[in-house]
Amino acid sequence: MLPMREVLEFPEHFLFGTATAATQIEGHCEDTDWAAFAREPGRIRGGDTPAVACDHLHRFREDVAIQQQLGLGAHRLSLEWARLEPGEGDFDPAAWDHYREVLGAHRDAGITPMVTLHHFTIPRWLAARGGLANPELPRLLSRFAAHAVEALGDLCTLWITINEPNVVASHGHLLGVWPPAHHAPIEAFRVLQNLLAAHDAMYRAMHDTASQRGHDLAAGVAHHLRIIEPDDTGRVADRAWTALYEWLFNGWFAGAVCERKTHDFFGLNYYSRDLVRFAPERFREAFLERNVRAGAEVNDLGWEIYPEGLGQLLDLWAPRAGVPVYITENGLPDDDDDQRPRFLVRHLAEVARALQRGLDVRGYMHWSLLDNFEWAEGYAPRFGLVHVDYETQTRTPRPSAALYARIARERRIDDATWAAIGA
Ligand code: FCB
């Protein structure tokens, strides 16, 4: 007889959902730094731009209907700051109405929204004035955040101030592969500090506005955390660079927010593991080479698939955070959907086991609902539970969407789930 396979359950209040970001799906906003960056030759793979993306701006009702059909009860989306404040201090009422319609559509479909205020992109007027390095950032972002709670706070309770501050600071200001394409380590650290000040200011401004208006509000950061290990444990330089990368990239921002207690929940974006090699020849990449364990399974972008890492990060950060945790992103590029079913089940199993260990995890948002504009990688990587044909804008759920829908509906991983992934 076959041994019984593990049955894992999710509590009634646990949110199963998907995550997206404005620039990656909406299209039709020329006022962001990314719209300008994408027009510079050689910046984006294949010369792609976010000009149309998934045309979600016009098709959001169809996309909400897909979520509803799948029975996914939560969705993380972001507001396009540049659309809402196209000139400094100049808020566009029609754009705010648009997001009221989007959030209203989610409410009508019974889907709990989680709204991100800053997901990588900034308005061009800010980019022209130093962007994320501008010392006025905390004031500018907290004014935008207060306005958002004022305008949308009756439609949304869960808010993310900033998405992946460590990624936006390092890619834009250290590695130079995202706007403003600087190779400036000191500036990158200044941006990180500036984003922390901005987060604190946003957190306070949002709570002030919510309490004046009588809205419930919970706010946090979506932290990008990786598993970071030395490539060669016998090599002192690899161990030292691992410690430095762990401290700066994983630990610095998330640790500061935990210490300051300026969050009501901890958002965790988890993708992969890095094996760190100190590489003196890689001057422009901070002497860092990130490798993958030999023989490891990798996704379409070559990132290692390492589900156990999610459990490890939850063990480390949930107690430190002292607030509930949401998995605010987790997913992979997998065009033919031959890895996504196993990926989903194995990562969700890590979450369920963390719940069994008593950790307070409240939800899981899969990245992503739709194929989308993957920043400098363009449209080639396919992260969607739902395939998008960019010629016709036809949406077609991949098989993994049905599997995820079933887990969400039954709130469990059982024999049939393991059988579905051939485990
Ligand atoms: C994360 C970003 C998200 C998406 C995924 C694949 O770092 O937050 O926008 O690009 O990676």
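Numbers here simply count residues along the sequence, with the first being 1. Keep in mind that the numbers below use all heavy atoms, side chains included, and drop hydrogens, waters and symmetry copies. Numbering of ligands and ligand atoms starts at 1, following listing order.
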- Task: Could I get the full list of side chain to side chain contact (heavy atoms under 4.5 Å, CB included) partners for Asn250, not counting sequence neighbours?
- Result: Leu225, Arg226, Ile228, Glu246
- Item | Heavy-atom donor-acceptor pair, Asn372 side chain to Ile25 backbone, under 3.5 Å | no
Ignoring hydrogens and angles, write down the donor-acceptor pairs under 3.5 Å from the side chains of residues 130-137, residues two or more places apart or on other chains.
residue: Asn134; atom: OD1; partner: Glu136; partner atom: N; Å: 2.7
residue: Asn134; atom: ND2; partner: Arg129; partner atom: O; Å: 2.8
residue: Glu136; atom: OE1; partner: Arg139; partner atom: NE; Å: 2.8
residue: Glu136; atom: OE1; partner: Arg139; partner atom: NH2; Å: 2.5
residue: Glu136; atom: OE2; partner: Arg129; partner atom: NH2; Å: 3.2

If you look at each N/O of ligand 1, which protein N/O atoms lie under 3.5 Å away, and at what distance?
residue: ligand 1; atom: 7 (O); partner: Glu164; partner atom: OE1; Å: 2.5
residue: ligand 1; atom: 7 (O); partner: Glu164; partner atom: OE2; Å: 3.0
residue: ligand 1; atom: 8 (O); partner: His119; partner atom: NE2; Å: 3.3
residue: ligand 1; atom: 8 (O); partner: Asn163; partner atom: ND2; Å: 2.9
residue: ligand 1; atom: 8 (O); partner: Glu164; partner atom: OE1; Å: 3.3
residue: ligand 1; atom: 8 (O); partner: Glu164; partner atom: OE2; Å: 3.4
residue: ligand 1; atom: 8 (O); partner: Glu329; partner atom: OE1; Å: 3.1
residue: ligand 1; atom: 8 (O); partner: Glu329; partner atom: OE2; Å: 2.9
residue: ligand 1; atom: 9 (O); partner: Gln24; partner atom: OE1; Å: 2.7
residue: ligand 1; atom: 9 (O); partner: His119; partner atom: NE2; Å: 2.8
residue: ligand 1; atom: 9 (O); partner: Trp375; partner atom: NE1; Å: 3.1
residue: ligand 1; atom: 10 (O); partner: Gln24; partner atom: NE2; Å: 3.3
residue: ligand 1; atom: 10 (O); partner: Glu374; partner atom: OE1; Å: 2.6
residue: ligand 1; atom: 10 (O); partner: Glu374; partner atom: OE2; Å: 3.2
residue: ligand 1; atom: 10 (O); partner: Trp375; partner atom: NE1; Å: 3.0

- Side-chain donor-acceptor pair present, Ser400, Asp337, cut-off under 3.5 Å: yes
- Arg290 and Arg273: side chain to side chain contact (heavy atoms under 4.5 Å, CB included), yes or no, with the steps? CA-CA 9 Å; Arg290 299 186 297 157; Arg273 163 162 72 178; over 6 Å; no
- Task: For Asp55, enumerate each residue passing the salt bridge (Lys or Arg N to Asp or Glu O under 4.0 Å) test, keeping only those at least two apart in sequence or located in another chain.
- Result: Arg59
